[in-house]
Asker: 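Please find one structure pasted underneath; my questions will follow.
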Protein chains: 2
Amino acid sequence: MAEDVFKALADPTRRRILDELVERDGQTLFEICARLVTRHGLGLSRQAVSQHLAVLESADLVRSRRQGRYKYHDLNSEPLEHIVTRWLRPRAPESNP
Amino acid sequence: MAEDVFKALADPTRRRILDELVERDGQTLFEICARLVTRHGLGLSRQAVSQHLAVLESADLVRSRRQGRYKYHDLNSEPLEHIVTRWLRPRAPESNP
DNA sequence: TTGATAGGCAAGTGACCACTTGCCTATGGT
DNA sequence: ACCATAGGCAAGTGGTCACTTGCCTATCAA
């Protein structure tokens, strides 16, 4: 649902998580936590990140696969493709004066 | 700022307002109120809509021009153009099996 | 089996946000 | 001048949301 996608994108931390996943798929919860700290200076609890991932999953922006005691997270950019096109209109090409 | 754009898009009512403006530019506050009621069944106070418009304006998704006692609102879709591309990756074209 | 690692569940808290209400300003018509 | 219309300002309220804390389960290694 597009509704959930907009909600998911509303939070800055969740957008950072997407930034991390678009760069490297298949990260675990702990990896994401670590990278949020080292690369963005975000010191969040593990639960916080876990809850963010749940929101992203319910918007189908993140898919997860369990493997042993690890859970790998992958970005799914498909819901983003046309989420914004409903407000786009043809822009006049710039004519240099 | 992209930050403000995501915040602006987070609210369903604001997205409806954009829906109205993409269909017809130059609407006044009262017009938008009326159309939200008649076309979407949203019964909001005038102030609520006014505040939503302020948020949309601060995200530069809506531009307004004053003329006499009227204030006309126009959609500006430009901030939406590339807001989402940072998470898009090349998708493999579907090969029919 | 014991301990360490990866993750989940659930309740509590504080802050932000959407919305309302009441009052005020400004422009235009008659 | 009067009144109606279009809009703005500011304080108050309820609900949602991000985040924490504490405890529990599951997998792997020694």
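None of these values were measured; they are calculated from a predicted model. First the proteins, then the strands, lettered A, B, ... as listed; each starts at 1.
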Asker: What are the residues of residues 16-34 of chain B, sorted by number, that bring a heavy atom to within less than 4.0 Å of DNA chain C?
Answerer: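 Within residues 16-34 of chain B, no residue comes under 4.0 Å of DNA chain C.
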Asker: Could you tell me the separation between the CG atom of L61(B) and the CG atom of N76(B), rounded to the nearest 0.5 Å?
Answerer: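 These two atoms lie 7.0 Å from each other.
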Asker: Looking at every non-hydrogen atom in both residues, tell me the closest pair between L42(B) and V37(B) and how far apart they are.
Answerer: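 Of all heavy-atom pairs spanning L42(B) and V37(B), the closest is O-CG2, 3.2 Å.
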Asker: Does dG8(C) have OP1 or OP2 sitting under 4.0 Å from an N or O in the side chain of S50(A)?
Answerer: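 Yes.
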Asker: Between R89(A) and E78(B), does any side-chain N to carboxylate O distance fall below 4.0 Å?
Answerer: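 E78(B) and R89(A): not salt-bridged.
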Asker: Taking the side chain from T38(A) and the backbone from A34(A), do they hold a donor-acceptor pair closer than 3.5 Å?
Answerer: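 Judged by distance alone, yes, a pair lies under 3.5 Å.
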Asker: Under a 4.0 Å N-O cut-off, is there an ion pair linking E31(A) with R46(A)?
Answerer: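 Salt bridge flag = no for R46(A) with E31(A).
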Asker: Name every residue in residues 62-73 of chain A that has at least one heavy atom under 4.0 Å from any atom of DNA chain C, in order of residue number, or write none if there are no such residues.
Answerer: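 Those residues are R66(A), R69(A), Y70(A), K71(A).
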Asker: Which atoms of nucleotides 16-19 of chain C (N or O only) lie under 3.5 Å from a protein N or O atom, and what are those distances?
Answerer:
{"unit_1": "dC17(C)", "atom_1": "OP1", "unit_2": "K7(B)", "atom_2": "NZ", "d": "3.0"}
{"unit_1": "dA18(C)", "atom_1": "OP1", "unit_2": "R14(B)", "atom_2": "NH1", "d": "3.3"}
{"unit_1": "dA18(C)", "atom_1": "OP1", "unit_2": "R14(B)", "atom_2": "NH2", "d": "2.6"}
{"unit_1": "dC19(C)", "atom_1": "OP2", "unit_2": "H52(B)", "atom_2": "NE2", "d": "2.2"}

Asker: Show me the protein contacts with nucleotides 22-25 of chain D, counting only N or O atoms at under 3.5 Å.
Answerer:
none

Asker: Nearest heavy-atom pair of S77(B) and W87(A): which atoms, and what distance?
Answerer: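 Taking every non-hydrogen atom into account, CB-O, 3.2 Å.
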Asker: Identify, with sequence neighbours excluded, every residue that meets salt bridge (Lys or Arg N to Asp or Glu O under 4.0 Å) alongside R86(A).
Answerer: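 In terms of salt bridge (Lys or Arg N to Asp or Glu O under 4.0 Å), with neighbours along the sequence ignored, R86(A) is linked to D19(B).
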Asker: Test E57(A) against R14(A) for salt bridge (Lys or Arg N to Asp or Glu O under 4.0 Å), laying out the working first.
Answerer: CA-CA 11 Å; E57(A) 269 196 84; R14(A) 283 196 286 270; over 6 Å; no
Asker: If you look at every heavy atom in R66(A) and R69(A), which pair is closest and at what distance?
Answerer: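 Closest pair (atom of R66(A), atom of R69(A), distance): NH2-O, 4.4 Å.
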Asker: Excluding sequence neighbours, so at least two apart, what forms salt bridge (Lys or Arg N to Asp or Glu O under 4.0 Å) with R35(B)?
Answerer: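 By the salt bridge (Lys or Arg N to Asp or Glu O under 4.0 Å) rule, R35(B) matches E20(B), E23(B).
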Asker: How long is the gap from CG on L75(A) to CG on L56(A), to the nearest 0.5 Å?
Answerer: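 That separation rounds to 9.0 Å.
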Asker: Is the shortest distance from a Lys or Arg side-chain nitrogen in R65(A) or D25(A) to a carboxylate oxygen in the other one below 4.0 Å?
Answerer: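 Salt bridge flag = no for D25(A) with R65(A).
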